[in-house]
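A note on names: the letters A, B, ... follow the listed sequences, proteins ahead of strands, and every chain is numbered from 1. The structure displayed is predicted, hence computed values, not measured ones.
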Amino acid sequence: MLFLELLAQSLVQGSIYALIALGLTLVYGLLRILHVAHAGLFTLGAYLGVVVHNATGSLLMAFAAAMLGASIGGVAMFRLAYKPLLDRPPYVALIASIGLYIACEEIFRIVFGASGLTFTNQPLQGQLAIGGLVFKQAELAVIVFSALIIGLLGWLQTRTRIGIACQATVSDPQMAESFGIRLNTVRDLNFLVGSALAGFAGVWVAILNNLVEPTMGSVPAYKALAIIVLGGLGSVRGTLMAALVLGLIESFGTTYLGKVMDRNAIAFAFLILVLMLRPQGLFARR
Amino acid sequence: MLELKNLACGYGAFGAVHDLSLNLKAGTLTALLGTNGAGKSSTLMCIAGHVAQQGGQIHFDGQDIGQLPPTERVRRGIAISPEGRRLFKDLTVEENLRVGGVIHPASYFAQDRDRVLALFPRLGERLDSLAGNLSGGEQQMLAIGRALMTRPRLIMIDELSLGLMPKVIDLCYQALKTLRDEGMTVLLVEQNTERALAIADGVCVLESGDVAWQGSAADARNDPELAAAYLGMH
Amino acid sequence: MDYEISLLTTIAISVLFALSLNLITGFCGQISLGHAAFLGVGAYSSAMLTQAGWPFLATLPVSILLAATLGVIVGLASLRVRADFLAVTTMGVGFLFIGVVRQQEWMGGEMGIAGFPDSGLGDVGFMLLCVVLAALTAALCVFIRRTWMGRVFGGIAEDEDTMRVLGIDVPRYKLAAFAIGTALAGLAGALYSQQIKFVGPDSFGFVESITVLSMVVVGGIGSVFWVAVAAAVLTALPGWFQFIGDYKLLVYGGLLFLMMRFAPGGLAGIVESLRKPKAKPNTQAAAATKGAQP
Amino acid sequence: MSTTYEAVAPLLVVSHITVRFGGLKAIDDVSFNLFPGELLGLIGPNGAGKTTCLRSITGVVRAQEGSVTLDGQPLDGLAIEKRIRRGLALSQQLVKPLRHLSLLENVALAAGSAKTASPLASLMHVSESAEQARALELLRSVGIAERADQLPGTQPLGVLKRLEMARALALKPRVLLLDEPLAGLNSKEARSLAETIADINRSGVTIVLIEHNLGEVMRICQRLVVLDNGRKIADGEPRAVMNDPVVRAAYLGNDTLAESAAPEAAHA
Amino acid sequence: DIKIGLMVPLTGFAAADGKSAHEGAKLAVAQANAKGGINGEKVELVVYDDQASPKEAVPAATKLIQRDKVVGGVSGSYSASTRASAGVFQNAKVPYVTAYAIHPDITRVGDYMFRVSAMGEVQGRAGAKLVNELGKKKVALITVKNDFGQSLAAGFKEGAPKFNLDIVGEHEYSLQDRQFGPLVAKVKSQTPEVIYASGYYYTAGPLVAQLRAAGITAPIIGQEGYDSEKFMEIAGAASEGVLVTTSLDRDSERPATKAFLSAYRDATKEGADMVAASTYTAVTVLLDGLRKTGGKGGAALRDAMAAGKFDTPIGDLNFNDLHEVKKDVQVQVVKNKAFHRHSVISDPVLLAPPSKESK
Ligand SMILES: Nc1ncnc2c1ncn2[C@@H]1O[C@H](COP(=O)(O)OP(=O)(O)OP(=O)(O)O)[C@@H](O)[C@H]1O
Ligand SMILES: Nc1ncnc2c1ncn2[C@@H]1O[C@H](COP(=O)(O)OP(=O)(O)OP(=O)(O)O)[C@@H](O)[C@H]1O
Ligand SMILES: [Mg+2]
Ligand SMILES: [Mg+2]
């Protein structure tokens, strides 16, 4: 029973990780930027979700606002921050991104207060029993949505011309243009979708925790990086697997190894182990 | 169909080409020749829209395309097989070809791909390999094939024979002849001057960014001085 | 006056620490997001040894040695993984370090270690020690830069495969970079523990690693002088910013971002472009050469 | 000339190497010997495995089977840099100069191999002037001395090719492995660089040359090994090899010989 | 003017507590000034942000002492940074009052150090006694992984044998965790009668909600980290019945407590939490001392404080030889989304703070 419950909980945790990391994978896959500020968009989504839900009482509006806000933020970040830095060494964008993230955190703190926001009417708290396991509605919804979105993105990325066009811009942006691929459109689109996903994930985490804090992105900021690296950098399928595996490792690890290492250490010990055996990550693109 | 009027282009303050006027008629093959660093590749990349145009005009089908972005130029029918091949290394051969045909409806793809594979059967055997792993010659074939996938009306090929084995060079020239005869315009940069002169209609020789000689290929073939001075023939 | 001494000490330690990362990341191109772990190794070993009764100065070699040993182990990892994979691996090393230290009662666990004896050098003496060590480190960096080792590091930073084809034993050089860099970080750590008189797991986490990396990048990766300047400025900044209290980190984050956005080459880059305002290949050309790999 | 080699101990022995990439056998049980002082041409169709063969000799790719020995000592399992230090040098088909160094410094870095043998040794040396002098000489010998101070980023391909060769030479190799050094040069330049290669060979460096420029290959090579589809299909004196119908079918395309290679070969 | 210093995490991960601490301190100073200051001189509060980081704390503390020449300091910050700044104050012989940081070494730094709150160990022992008074034996121990949680757990485990408690499981989580699925599953499988869970309101809120959502009905005991209105907001209905050991009694009849609670609400429009109350207390203790010395700092102030008795919102305080306070532990229970008095644990032996002889 404990085993099953742990398994179920790792699935929930893995799905959350997957949602957060997916957007990052898109961005990384396209521009090779370690986009730490992605976590800022995630937090932005969470705040917008709570604020709008508290104001309107509509979950749909909350998600819409969060995704819209985050994607506007994301595209703005790309245009203003990353675009001019694309032909610089990657750590330049990394540090810029870290600066952005710190600024985001502080803006949230100054605007919404340090102690965080909660839902006045926390949605989706009903419980469902499946095969003896009890889930919150919100937990099930997270699992279902991440499965759907990942399926869709995986298909888009590998099976469609848009996906291939995106990948072409990674290898050689200039030549991609020479074959009619509109670089700016493709990149904006990627940031748009990736950031919307971050906002989406933010609202879910807000619902699950009933707490939105300025610093809620700081764990995703590095965990998501670990996940996309574990997944082989840039592959949707790999990200999904890595997120689930990490959820599993953390759940069982903290339960059985908690005395030796903390949760982060367990996750990263696993990451290091995998990378030493498979330097290209669990699932390299091919 | 393509007309360069006093074209100047370069990088930042540096001018790679100073004053190039060139007129390509539809269905002709023009060879752009010159020693290393003469500015040939820069010219092609400028026509494709990647090297800054510093002066003059580029007319295509009578319209000035100098201000158009590269994405627009390829839609009008200008394709390039660039110096250094510039393949999409992380994509497979098939996907590279797919990107080549991305401006056309998906239904064109199978047919166009088969045409390329007929020209370069070797690529057919390697369809699922990553482009970055191909041998030098295979990459060259793919670069040309990819350009053909755009169904160009003007194809620009930089260093056609680079890294290709003699048999494939022959095939390529054969194919160029056919394409030209079907009405495609070709702008060819070659170091293998003999081969280029043998097939070309017009010739333009660049030297340090300036036109050193321009005329018909027939004249060029009969001008031993030119051959010795600029074309490195012996 | 004490305030200046304390500030100067802090700055000297930061400079030393930043230069140690600059050696690995700037000189040799191996990006590290877990460098604070080595600061931690040095700090913990010095703190524990002084607590055990060792004189402070005697703990320095031990701190250096232990940090370098761990550094070589992490360096071995750098032989397996590259670029972004390495960045995240080193980040993992950082988390692993504090994650394990947290659980060790004999290392103070969550409570950290406090209450260990003074160096006995006095505030001024200790400050002088830190400044001299930082200066020596800078001199060492400049020297390495000028030797063949510096040239090889530069080559490895750019393209290690090519360096191998030139017959250069890339793994050993990388290990050397890690060994020297982390040894210096260990030294910085020992000084840090003496100055703060408290070491706890949270002082050597991800934030610290990021902070030191931003010093290196803001200074201009690879440039000894400007990295030292950036380390000094970024260290003193929070103090200067006390008056804006609530907005301190916002300004810090914003500055970091603006700096990278408008001066991606760091301070060194700014100075460079002031010195010769004209050249600098336009972006198109740079992109062209980047893609052009025959 | 070629007949006398059988008496001498080979310098480099490639025996039964096989290289697979996934399902593809890029090299399939290839063996050949390289004798001291020889200039061996390695030719074959595109994708035949020539580059892979050179790379497996230098260790850039690992051969799954077979072994390579240099001067009687096996190289198998050694890292690239160790093999290079035993006296191999590789001029790659894909040119990769260090972009932050000038052409001169690129070559000088290679010329300083004695000083870079180990991290400790490298820390002991500061001066680069001797290496720069040698580098300049080498750049001159491949004909790009006038660009010595420029950065490689903006150089045309032909220059880079020569740079690559100068850099390989700077390692003072016993065996020089050249992958298409003449590509991208016009015929006059190709001729003169081929001449340089022949000179280098005469000065005592053993050379393996991959080239599609058959004219020059026929002119300067003393022996040819032909690969096709990963297998060795011919090995011997150039003319004999070229007249081998199997080679002609695989490589030249039957009808075209007259047009390009043959006349060159004839007057070589 | 008389300057006193406040070290507080205004930014960074501890900013929420820093804000409460800042408000509490400002209130204390404002009240003192309204009453005419000290010896007719106004009191000025000099505030430095230490981001709860030792590295930031040392220069800031030095600056407080050297530049601003404060006569005394208050730490409204966490243990690590307080431990680092403590050394600076001790060296300069400037009295330093710790509001709520629980690291045992802080008062051992020297004789200029004071602490107005009960240390973690003490609260942990009180927790063990509370379990016993609830009539339960099987305890699951959930510990937040930092110095606060660790010292609470140590105290609890020290007290447990005295009351024959059976610790059926020990669990740890990190400060950043908000999702406790695996931990909850494990706790559930151990079927404890009561749960002793350390944490702060932002971890405890989600934790309690998730424990309850999993169907665990055992009483939950928290500590002063829970002591914030935010806790009820986050945990919602799940917070009902949660017990908290703390230093602030919301239903207290003591005038000092009542006055503080209402004055704080007037000043900030928010309910006071433990951090605000403790920091307020630390500042008032310092100001009381100053009043006795007539504004003089140094050894005089130290001795005045060491000898003094203080009537504060968190009880009547006086310091022992290590300058730790001895006081009762308040147990509060959440009823109708507010903290109310549950009981008081007073056991002079069990709750004795460490002194110079001990350890
Ligand atoms: N990205 C660049 N930035 C600055 N200058 C450049 C750049 N690329 C090329 N150049 C310079 O422009 C001039 C023309 O170069 P280009 O590549 O057009 O010559 P090319 O005729 O194609 O030579 P090759 O036959 O060797 O390919 C050269 O002097 C070269 O150094
Ligand atoms: N890393 C790799 N992964 C997968 N396949 C590879 C890899 N490297 C080479 N190949 C394949 O192995 C075959 C041999 O390649 P190689 O580069 O050795 O050919 P080559 O004889 O040098 O040809 P060319 O004359 O065109 O340069 C080719 O089909 C190539 O696609
Ligand atoms: Mg060119
Ligand atoms: Mg090859």
Any chance you could lay out the salt bridge (charged side-chain N to carboxylate O under 4.0 Å, His left out) test for A:Glu5 and E:Lys186, step after step, and finish with the verdict?
CA-CA 9 Å; A:Glu5 279 185 27; E:Lys186 190 94 184 284; over 6 Å; no

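- With a threshold of 4.5 angstrom between heavy atoms, A:Ile102 does not approach chain E through any atom at all.
- With a 4.5 Å cut-off on side-chain heavy atoms, E:Gln179 and A:Asn209 count as touching.
- Remark: side-chain polar atoms of A:Gln127 are paired, donor with acceptor, to backbone N or O of E:Ala213 under 3.5 angstrom.
- In terms of heavy-atom pairs under 4.5 Å with chain E, the best-connected choice from A:Asn264, A:Leu208, A:Thr215 is A:Leu208.
- The local environment of CG in A:Leu60 is sparse, with at most 12 non-hydrogen atoms from other residues, nucleotides or ligands closer than 6.0 Å.
- When the candidates A:Ser10, A:Ala114, A:Gly113 are compared by the number of heavy-atom contacts under 4.5 Å with chain E, A:Ala114 comes out ahead.
- Side-chain contact check for E:Arg178 versus A:Glu213: some heavy-atom pair is nearer than 4.5 Å.
- Atom CD1 in E:Ile234 sits 4.0 Å away from atom CG in A:Leu211 (nearest 0.5 Å).
- The most heavy-atom pairs under 4.5 Å with chain E, out of A:Ser115, A:Ala8, A:Ser251, A:Pro214, come from A:Ser115.
- Of all residues spanning residues 214-224 of chain E, none has a heavy atom less than 4.5 Å away from chain A's heavy atoms.
- Residue E:Leu183 does not touch chain A at all, counting heavy-atom pairs closer than 4.5 Å.
- A distance-only check finds a donor-acceptor pair linking the side chain of E:Lys230 to the backbone of A:Gly116 [under 3.5 Å].
- Across all their heavy atoms, A:Leu6 and E:Ala185 have their closest contact at CD2-CB, 4.3 Å.
- Contact count against chain A (heavy-atom pairs under 4.5 Å) is highest for E:Lys145 among E:Glu172, E:Lys19, E:Lys145.
- By the 4.5 Å heavy-atom criterion applied to side chains, E:Pro182 and A:Gln9 are counted as neighbours.
- Put simply, CG on E:Asp177 and CZ on A:Arg263 are 4.5 Å apart, with the number rounded to the nearest 0.5 Å.
- In plain terms, the two heavy atoms of E:Ala15 and A:Arg109 that are nearest each other are CB-CD, 3.4 Å.
- The interface of residues 187-203 of chain E with chain A, defined by heavy-atom distances below 4.5 Å, comprises E:Lys188, E:Ser189, E:Tyr201, E:Tyr202.
- Annotation: maximal heavy-atom pairing with chain E below 4.5 Å, among A:Met216, A:Glu106, A:Lys136, A:Gln13, occurs at A:Glu106.
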